[in-house]
Every structure is written in C-alpha cells, then in structure tokens.
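Numbered from 1 within each chain, the chains take letters A, B, ... in sequence-line order. In what follows, every heavy atom counts, from backbone to side chain, and hydrogens, waters and symmetry copies are set aside.
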There are 2 protein chains.
Amino acid sequence: MRKDSRLSRMLHVLVHMHHLEQAVTSDNIAIMLGTNPVVVRRTMSLLREQGYVNAVKGHGGGWTLAKPLHCITLLDIHRSLSEASLFTIGLTDEHTNCPIEKAVNLAIDDVLHEAGQLVLRRFAEVTLDKLAVEYTAKLS
Amino acid sequence: MRKDSRLSRMLHVLVHMHHLEQAVTSDNIAIMLGTNPVVVRRTMSLLREQGYVNAVKGHGGGWTLAKPLHCITLLDIHRSLSEASLFTIGLTDEHTNCPIEKAVNLAIDDVLHEAGQLVLRRFAEVTLDKLAVEYTAKLS
DNA sequence: AACTCATGTAACATAAAAAGTTTCTTAAAA
DNA sequence: TTTTAAGAAACTTTTTATGTTACATGAGTT
C-alpha cells in the first residue's frame with residue numbers, strides 16, 4: 001500500500017527553513033527532496049493556507065516560515081496536509097443492515113479510533129523546535 | 001489513499017461460515033462480497049496457509065472453518081492478510097545522514113510504533129465469537 | 001472411465017490515486 | 001522591460017490493488 005511521506009518531508013523542509021533564515025524557492029526545495037517544483041508548491045500551499053508559511057513572488061521571493069518553530073506542532077502540519085485516515089485498514093459498507101458486518105466494523109473501528117486519538121494527542125505534544133535541537137546541538 | 005478492507009471482509013465471511021456450518025464456494029463468497037472468485041481464493045488462501053480455514057476441491061467442496069471462532073482473534077486474521085504497515089504515513093530515507101531527517105523520522109516513528117502496538121494488543125483481545133454474539137442474540 | 005465441480009495458479013487487464021510534467025498566468029523586484 | 005518566482009489548470013506517468021481469463025489439478029458423481 002502506498003504511503004504518504006509528505007509529513008516527514010515537509011517537517012524536514014520547515015526545520016531547514018528555520019536554519020536558513022531566508023526565502024527558499026520551490027525549485028530549491030524540489031532539488032532537495034528529489035521531486036518537482038510544482039509538487040512542492042502544491043504541498044507547501046496547504047501549509048500556507050493554514051498560516052504556517054508565507055509565499056512571496058518575484059526576485060528574492062520564495063517560501064519563509066510564518067511562525068517560529070516552537071509555535072508549530074506535528075499535529076498542525078499533519079492536519080494541514082491530510083484529512084484522510086491514518087490507517088491503511090478500511091471498513092466495509094456494503095451490507096449496512098447485516099448485524100455481522102456491523103459487529104465487525106464496530107470492533108475494528110473501536111480500536112482504530114482509540115489508536116488514532118493516541119497519535120493525534122502525541123503529535124500535538126511535539127513542537128518543531130524539538131526536532132531542531134539535535135541539529136543545533138551538533139553545530140555548537 | 002486506498003484502503004485495505006480485506007480484514008473487515010474476511011471477518012464478515014468467517015462469522016457467516018460459522019453460522020452456515022457447511023462448505024461455501026469461492027463463487028458464493030464472491031457474490032456475497034460483490035467481487036471475483038479468484039480474488040476470494042487469493043485472500044482466503046492466506047487464511048488457509050495459517051490454518052484458519054480448510055479448502056476442499058470437487059463436488060460439495062469449498063471453504064470451511066478449521067478452528068472454532070473463539071480460537072481466532074482479529075490479530076490472527078490481520079496478520080494472515082498483511083505484513084504491511086497499519087499506517088498511511090510513511091517516513092523518508094533519502095538523507096539518512098541528515099540529523100534533521102533523523103529527528104523527524106524518530107519523532108513520527110515513535111508515535112506510530114506506540115499506536116501500532118496498541119492496535120495489535122487490542123486486536124489480540126477480540127476473538128471472532130464475540131463478533132457473532134450480536135447476530136445470535138438477534139436470532140434467539 | 002468420463003463428467004462435473006471446485007480450488008490452485010499464472011498471466012494479463014483495468015481502475016484509481018498519487019506524483020510528476022507542461023504550459024501559461026500573475027505578481028514583484030531588478 | 002526583463003527576470004524571477006509562485007499560482008493554477010490540464011495532462012501524463014507510475015504504482016498497486018483489484019479484477020479477469022485461461023488452464024491445471026484433484027475430488028466426488030454418474
């Protein structure tokens with residue numbers, strides 16, 4: 001099953017942006033990620049819509065952080081990128097009146113919902129400045 | 001992102017098989033699930049390999065339960081069907097020497113691993129006979 | 001023995017979605 | 001006015017689960 005690595009990639013980019021302290025172009029980010037500038041714009045614009053980055057056109061333009069890293073959590077970025085389910089497991093809805101299907105779906109959903117809540121709670125606890133610590137520690 | 005609903009579907013089938021108490025053909029299961037008999041064989045054979053169902057060829061043949069429902073857990077079926085990750089979120093491995101990528105991946109993986117363990121633990125607690133209760137309750 | 005029914009398996013086709021690409025527009029700075 | 005960069009639309013490619021076809025194998029029936 002295909003995986004969505006946009007969260008990992010965008011976090012990576014955001015922390016690098018913090019250290020650069022100047023605008024980065026989509027082209028540069030694309031090279032860094034081994035992808036395409038249009039794909040970068042598509043993804044970064046989701047973060048822009050939520051107010052985590054700014055985009056500036058023209059000479060010297062590009063992407064900058066709109067908030068300090070300690071004001072952004074993993075959950076913020078995760079939510080900006082995807083409203084889709086965290087899980088690769090899906091339920092069925094073909095026999096909605098079948099009590100067996102209902103029982104099966106309830107049992108699975110109960111567990112996935114609890115685990116999903118755990119993930120969101122934990123993502124909310126991690127601010128991006130924590131991810132930068134190891135890096136800055138290495139520099140000093 | 002595409003979802004794998006085989007767990008839900010196979011649980012549904014197994015509980016029905018328990019109530020039928022006779023062999024069910026791949027063709028019948030395919031009709032029930034709105035899919036193809038070859039797809040059914042592919043999926044059911046994963047359960048056969050792990051000893052949860054039997055397959056019998058020829059007249060009157062088909063699929064039967066190899067164990068009572070109270071000896072099969074959600075985890076058993078889940079494991080039989082997939083060794084793939086539970087999560088739609090993936091990590092990156094393009095800059096394995098980059099401390100930022102490392103920190104990002106560690107942070108995400110820490111959370112997903114804990115949530116994954118929770119799911120497996122909870123799946124292990126649910127035996128399939130519990131899923132049949134609601135149904136039998138309705139019959140009596 | 002011949003026939004029918006059912007699984008086993010391989011090879012191929014289809015479908016859906018994410019990712020990549022091309023092309024053009026818009027805006028800002030040099 | 002030219003260059004640089006994002007915004008956006010339309011299209012192509014790639015990937016992968018699912019579906020399909022065709023044939024082999026084996027078990028029970030006639």
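Checked by distance alone, A:H59 brings a side-chain donor or acceptor within 3.5 Å of a matching partner on the base of D:dT3.
Between the P atom of C:dA18 and the CG atom of A:L46 lies a distance of 12 Å, rounded to the nearest Å. In this structure, CD1 of A:I31 is placed 14 Å from P of C:dG20, rounded to the nearest angstrom. Between the CH2 atom of A:W63 and the P atom of C:dA27 there is a distance of 16 Å, rounded to whole Å. Whole-Å rounding puts the A:L33 CG to C:dG20 P distance at 10 Å. Rounded to an integer number of Å, the gap from NZ of B:K3 to C1' of C:dA16 is 16 Å. The nearest whole Å value for the distance from the CG atom in A:L47 to the P atom in D:dA6 is 14 Å. One atom, NZ of B:K57, and another, C1' of C:dC3, lie 17 Å apart when rounded to the nearest Å. In this structure, CE of B:M44 is placed 10 Å from P of C:dG8, rounded to the nearest angstrom.
Here the nucleotide nearest the side chain of B:R6, chosen from D:dT20, C:dT22, D:dT18, is D:dT18. For B:T25, the listed nucleotide lying nearest its side chain is C:dT7; candidates were D:dG7, C:dT7, D:dG19. The A:R48 side chain lies nearest to D:dA8 when the options are D:dA8, C:dG8, C:dA10.
Taking for each of B:D27 and A:V56 the nucleotide of DNA chain C with the nearest heavy atom, the 5'-most of the two is the partner of B:D27. Nearest-nucleotide assignment on DNA chain C puts the 5′-proximal partner with A:S5, out of A:S5 and A:G60. In terms of position along DNA chain D, the nucleotide closest to A:G61 lies nearer the 5' end than the nucleotide closest to the other residue of the pair B:R9 and A:G61.
Listed pair A:R42 / D:dA9 fails the phosphate criterion, with no side-chain N or O lying under 4.0 Å from OP1 or OP2. Using a 4.0 Å cut-off, some side-chain N or O of B:S26 falls inside it from OP1 or OP2 of C:dT7. In this model, the phosphate group of D:dA6 is not approached by any side-chain N or O of A:S45 to a distance below 4.0 Å at OP1 or OP2. OP1 or OP2 of C:dA6 has not a single side-chain nitrogen or oxygen of B:R41 nearer than 4.0 Å.
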- Checking side-chain contact (heavy atoms from CB on, under 4.5 Å) for the pair B:T35/B:V40: CA distance, chi angles, key distance, verdict? CA-CA 8 Å; B:T35 181; B:V40 171; 4.0 Å; yes

- Task: Check the pair B:T25 / B:D27 against side-chain hydrogen bond (donor to acceptor under 3.5 Å, both in side chains), numbers first and verdict last.
- Result: CA-CA 5 Å; B:T25 64; B:D27 285 67; 4.9 Å; no

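Between B:R122 and A:D110 there is a salt bridge, since a side-chain N of the basic residue sits under 4.0 Å from a carboxylate O of the acidic one.
With 3.5 Å as the limit, one finds a donor-acceptor pair spanning the side chains of B:T92 and B:E101.
The distance from atom OG1 of B:T64 to atom NE2 of B:H18, rounded to the nearest 0.5 Å, is 13.5 Å.
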